[in-house]
*Asks:* 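Before anything else, here's the structure in question.
A note on names: the letters A, B, ... follow the listed sequences, proteins ahead of strands, and every chain is numbered from 1.
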Number of protein chains: 2
Amino acid sequence: MDTTPDLKTYDLDADELRLMQMMKALGHPARLQIFRYLRDNPQCITGDLVEVLPLAQATVSQHLKVLRDAGLVCGTIEGPATCYCLSADNVAWFAARVGDWFRHAG
Amino acid sequence: MDTTPDLKTYDLDADELRLMQMMKALGHPARLQIFRYLRDNPQCITGDLVEVLPLAQATVSQHLKVLRDAGLVCGTIEGPATCYCLSADNVAWFAARVGDWFRHAG
DNA sequence: TCGCTATATCGTTATTTTACGATAAAACGC
DNA sequence: GCGTTTTATCGTAAAATAACGATATAGCGA
């Protein structure tokens with residue numbers, strides 16, 4: 001007899017989950033602002049972002065973690081501060097994948 | 001004297017807000033699955049999606065509303081059912097905008 | 001008209017997210 | 001070592017989201 005459970009298998013694969021996580025990360029105004037700031041001001045530190053955004057330092061740090069976990073941003077310790085920049089490869093992957101996924105969809 | 005309030009003006013413009021809303025809408029597994037299904041199966045009805053997804057009918061309908069509000073999907077009444085398909089123009093806009101926004105960012 | 005089908009919306013609960021102040025952790029100058 | 005600076009993390013409260021069953025709406029056929 002068949003022991004395989006009757007699961008619905010209309011699932012997302014690993015790449016699609018990654019894509020989804022990135023879109024979820026960017027689907028918040030503060031995080032899109034952070035992303036834009038890093039795009040326009042490479043190599044800035046957390047304090048620069050705190051100054052620009054209407055949010056507490058803890059909140060900005062939390063949003064940075066979401067962007068880091070999504071792989072869109074990386075921070076390197078620079079003395080007492082942390083220097084952030086976009087993760088070029090992953091951002092390029094994101095842009096390319098969105099192109100593949102959506103461009104010929106309409 | 002200066003009566004303008006000292007607002008932080010590092011805001012998102014209308015296009016960026018629209019982009020954000022679209023990414024937010026797609027940043028959920030069920031909605032990305034719905035989008036993919038509509039991409040691969042144009043002109044399907046709500047019931048088809050309910051059959052494929054492990055969610056109740058009400059929940060699928062709610063997700064469809066989010067996608068509609070984001071402008072990614074449109075539904076037209078087709079007899080007793082509703083026929084859904086991707087909003088070609090807006091999806092193309094999304095793909096193009098992501099390209100602009102992210103491609104030369106890394 | 002009376003069901004029957006398909007779907008949207010309502011009302012509610014559980015979960016997740018967001019935001020903050022307070023507190024740790026780490027690097028540097030003195 | 002001792003402050004100072006900068007940032008991450010913790011703990012928590014408020015708000016938003018996700019999911020469901022139940023109900024309303026609308027079209028079509030008998």
*Asks:* Could you give all pairs that pass the salt bridge (charged side-chain N to carboxylate O under 4.0 Å, His left out) test and reach residues 23-35 of chain A, with sequence neighbours left out?
*Replies:* none

*Asks:* If you restrict it to nitrogen or oxygen atoms, what contacts under 3.5 Å exist between nucleotides 15-17 of chain C and the protein, and what is each distance?
*Replies:*
unit_1 : atom_1 : unit_2 : atom_2 : d
C:dT17 : OP1    : A:K24  : NZ     : 2.7

*Asks:* Rounding to an integer number of Å, can you tell me how far B:I34 CD1 sits from C:dT7 P?
*Replies:* 13 Å

*Asks:* Where the side chain of A:N90 meets the backbone of A:S87, is there a donor-acceptor pair that is under 3.5 Å apart?
*Replies:* no

*Asks:* Of A:G27 and B:K65, whose closest DNA chain C nucleotide lies nearer the 5' terminus?
*Replies:* B:K65

*Asks:* In this structure, how many angstroms lie between the P atom of D:dA18 and the CE atom of A:M20, rounded?
*Replies:* 11 Å

*Asks:* Please check the phosphate of C:dC20 (OP1 and OP2 only) for any side-chain N or O of A:T59 closer than 4.0 Å.
*Replies:* yes

*Asks:* With ring-ring contact (aromatic ring centres under 6.0 Å, His included) as the rule and sequence neighbours excluded, what pairs involving residues 56-75 of chain A come up?
*Replies:* A:H28-A:H63

*Asks:* Return the polar atom pairs (N/O with N/O) between nucleotides 1-8 of chain D and the protein under 3.5 Å, or none.
*Replies:*
unit_1 : atom_1 : unit_2 : atom_2 : d
D:dT7  : OP1    : A:T46  : N      : 3.0
D:dT7  : OP1    : A:G47  : N      : 3.4
D:dT7  : OP2    : A:G47  : N      : 3.0
D:dT7  : O3'    : A:T82  : OG1    : 3.2
D:dA8  : OP1    : A:Y84  : OH     : 2.5
D:dA8  : OP2    : A:S61  : OG     : 2.7
D:dA8  : O5'    : A:S61  : OG     : 3.4
D:dA8  : N7     : A:Q57  : NE2    : 2.9
D:dA8  : N6     : A:Q57  : OE1    : 3.2

*Asks:* Does atom CD1 of B:I77 have more than 12 heavy-atom neighbours, drawn from other residues, nucleotides or ligands, at distances under 6.0 Å?
*Replies:* no

*Asks:* Determine whether B:V66 and B:V73 fall in the same hydrophobic cluster, where Ile, Leu, Val, Met, Phe, Trp and Tyr are linked whenever their side-chain heavy atoms lie under 4.5 Å apart.
*Replies:* no

*Asks:* So do the side chains of A:C74 and A:C85 get within less than 4.5 Å of each other, counting heavy atoms only?
*Replies:* yes

*Asks:* What residue pairs, at least two apart or across chains, pass side chain to side chain donor-acceptor pair (under 3.5 Å) with a residue in residues 73-84 of chain B?
*Replies:* B:R68-B:Y84

*Asks:* Using atom CD of A:Q62 as one end and atom C1' of D:dC10 as the other, report the distance to the nearest whole Å.
*Replies:* 10 Å

*Asks:* Not counting sequence neighbours, which residues clear salt bridge (Lys or Arg N to Asp or Glu O under 4.0 Å) with B:E16? List them please.
*Replies:* A:R36

*Asks:* Tell me whether the side-chain N/O atoms of A:H63 come closer than 4.0 Å to OP1 or OP2 in C:dA19.
*Replies:* yes

*Asks:* Specify the separation, in whole Å, of atom CD of A:Q33 and atom C1' of C:dA19.
*Replies:* 15 Å

